[in-house]
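One structure is given here, and the rest of the page talks about it.
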Amino acid sequence: MKPLRTQLAARRHPLTGGFTLVELMVAMAISLFLIGGMLVVLQNVRSTYSTQTKLASLEDSERLAMMLMSDVIQSAGYFPQPLSNTAAGEMPASNNFPGEAGSPAMTETANTQGDTITVRFAADTTSPTLMNCMGQTASTPVDWENYFYVDPKGNLTCQVTNGATNAASNPVILATGLTTNTNATTDPPGMTILYGVTSGTASAPTCMDIYKTSAQMTAADWPYVCAVKVTLTFVNPTPPPDGTKPTVSFTRVIAVMNMAGASA
């Protein structure tokens with residue numbers, strides 16, 4: 001039997017327990033596994049957020065570009081106060097429109113990046129909501145010729161020319177990230193345009209029954225364009241990991257109000 005003093009000392013200083021080395025290693029392994037899982041989740045959340053942000057930015061660019069183009073194209077051929085003015089008087093022959101004054105109200109050329117379009121209309125202070133492609137309103141009577149094209153860097157660009165003086169503004173970028181037509185398969189044209197005209201073969205009267213490319217348009221077609229079908233093609237900002245570069249296209253049919261009327 002242990003002496004009483006030894007028993008009392010053991011009670012005052014009981015044996016202390018602890019973790020073994022194996023237990024500590026197991027705990028560390030579990031902690032690292034949990035931390036790794038949390039980092040994977042965090043990375044996925046960040047990647048998803050980045051993708052959604054890029055797509056939202058692309059959609060904003062698409063909407064802005066199409067809104068500006070729609071506002072200009074649907075105003076083709078407009079001139080103020082038609083009871084006292086004429087199209088020929090308000091939109092005289094110019095460098096961009098060397099033919100008959102006042103008509104047609106649009107024309108097209110092409111560049112390496114795709115189709116281009118020039119749209120003209122006249123404005124003055126009686127049409128305060130009418131804007132050119134740069135968002136400007138008229139402080140004096142002016143014949144605006146709005147030129148839309150995609151530049152070699154994939155920017156949808158606008159340039160405004162005064163038809164009376166043939167003075168052109170500096171180009172302004174409306175949207176970025178369009179394709180540039182360097183490869184017909186993987187990098188198509190940034191902008192393609194079709195023109196709605198009438199062929200005269202429709203069973204019922206209509207201002208258009210066929211779409212034509214600019215190459216198919218004749219001199220007789222241009223004054224009677226009733227609608228313009230614009231397709232903008234953007235580089236997908238979130239390409240898949242296989243290295244391909246898919247594109248995103250955005251199409252809108254724009255009625256030319258001077259020809260189609262408000263019910264088009």
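Without hydrogens or angle criteria, N155 side chain to I173 main chain gives no donor-acceptor distance under 3.5 Å. The main-chain N or O of P189 is found under 3.5 Å from a side-chain atom of T179 such that the two form a donor-acceptor pair. Using a distance-only test at 3.5 Å, with no hydrogens or angles considered, no donor-acceptor pair links the side chain of N258 to the main chain of Y78.
Rounding to the nearest 0.5 Å places NZ of K212 at 5.0 Å from OG1 of T218. Rounding to the nearest 0.5 Å places CG of N181 at 12.0 Å from CE of M191. Taking OG of S75 as the reference point, atom CZ of R120 lies at 14.5 Å (rounded to 0.5 Å). How far CG of L156 is from CG of L232: 6.0 Å, rounded to the nearest 0.5 Å. Summarising the geometry, atom CD1 belonging to I254 is positioned 3.5 Å from atom OG belonging to S70; distances are rounded to the nearest 0.5 Å. Atom CD of Q159 is separated from atom CG of N146 by 10.5 Å, given to the nearest 0.5 angstrom.
Annotation: Y211, atom OH; neighbour count of heavy atoms from other residues, nucleotides and ligands within 6.0 Å is above 12. Counting heavy atoms of neighbouring residues, nucleotides and ligands inside a 6.0 Å radius, atom CE of M25 does not exceed 12 of them.
Of the residues listed (T157, N111, T109), the one engaging T116 in a side-chain hydrogen bond (donor to acceptor under 3.5 Å, both in side chains) is T109, and it is the only one.
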task: Applying side-chain hydrogen bond (donor to acceptor under 3.5 Å, both in side chains), run through Q81 and N85 and close with a yes or a no.
output: CA-CA 6 Å; Q81 304 180 32; N85 297 326; 4.7 Å; no
message: Applying side-chain hydrogen bond (donor to acceptor under 3.5 Å, both in side chains) to D124 and T126, what does each step give before you reach the verdict?
response: CA-CA 5 Å; D124 63 13; T126 64; 2.4 Å; yes
query: How far apart are the C-alpha atoms of I30 and L34, what are their side-chain angles, what is the distance that settles it, and do they pass the side chain to side chain contact (heavy atoms under 4.5 Å, CB included) test?
result: CA-CA 6 Å; I30 294 174; L34 293 175; 4.2 Å; yes
message: Walk me through whether E145 and N95 qualify under side chain to side chain contact (heavy atoms under 4.5 Å, CB included).
response: CA-CA 10 Å; E145 299 174 357; N95 289 348; over 6 Å; no
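Heavy-atom minimum distance, S94 versus G163: CB-O, 3.4 Å. Taking each heavy atom of P223 and S103 in turn, the nearest pair found is CB-OG, 3.3 Å. For the pair A164 and D143, the tightest heavy-atom approach, listed with the atom from each and the gap, is N-OD2, 4.4 Å. Heavy-atom minimum distance, T161 versus A168: OG1-CB, 3.6 Å. A pairwise comparison of heavy atoms in T231 and S249 identifies CG2-CB, 4.2 Å as the closest pair. Scanning all heavy atoms of the two residues, the minimum distance from G190 to L178 falls at O-CD2, 3.3 Å.
The shortest side-chain heavy-atom distance between V197 and I210 falls under the 4.5 Å cut-off. Residues W222 and E108 form a side-chain contact, since some pair of their non-hydrogen atoms from C-beta on lies under 4.5 Å apart. In this structure the side chain of Q113 never reaches within 4.5 angstrom of the side chain of D151, judged on heavy atoms. Between V230 and R252 there is no side-chain heavy-atom pair separated by less than 4.5 Å. Considering only heavy atoms from C-beta on, I117 comes within 4.5 Å of Y195 through its side chain. Between P152 and T112, every side-chain heavy-atom pair lies at or beyond the 4.5 Å cut-off.
Hydrophobic clustering of Ile, Leu, Val, Met, Phe, Trp and Tyr side chains at less than 4.5 Å, counting indirect connections, unites I193 with V225. One hydrophobic cluster, built from ILVMFWY side chains closer than 4.5 Å, holds both L64 and V119. Hydrophobic clustering, with ILVMFWY side chains joined whenever heavy atoms are under 4.5 angstrom apart, keeps F97 apart from M259. Each of M91 and M131 belongs to its own hydrophobic cluster when Ile, Leu, Val, Met, Phe, Trp and Tyr are linked at side-chain heavy-atom distances under 4.5 angstrom. Note on V26: it clusters hydrophobically with F33, by side-chain heavy-atom contacts below 4.5 Å among ILVMFWY residues.
The stretch residues 181-197 participates, sequence neighbours left out, in no salt bridge (Lys or Arg N to Asp or Glu O under 4.0 Å) pair at all. For residues 121-156, the ring-ring contact (aromatic ring centres under 6.0 Å, His included) pairs, not counting sequence neighbours, are Y147-Y149. Sequence neighbours left out, the pairs with a member in residues 102-167 that pass disulfide bond (SG atoms under 2.5 Å apart) are C133-C158.
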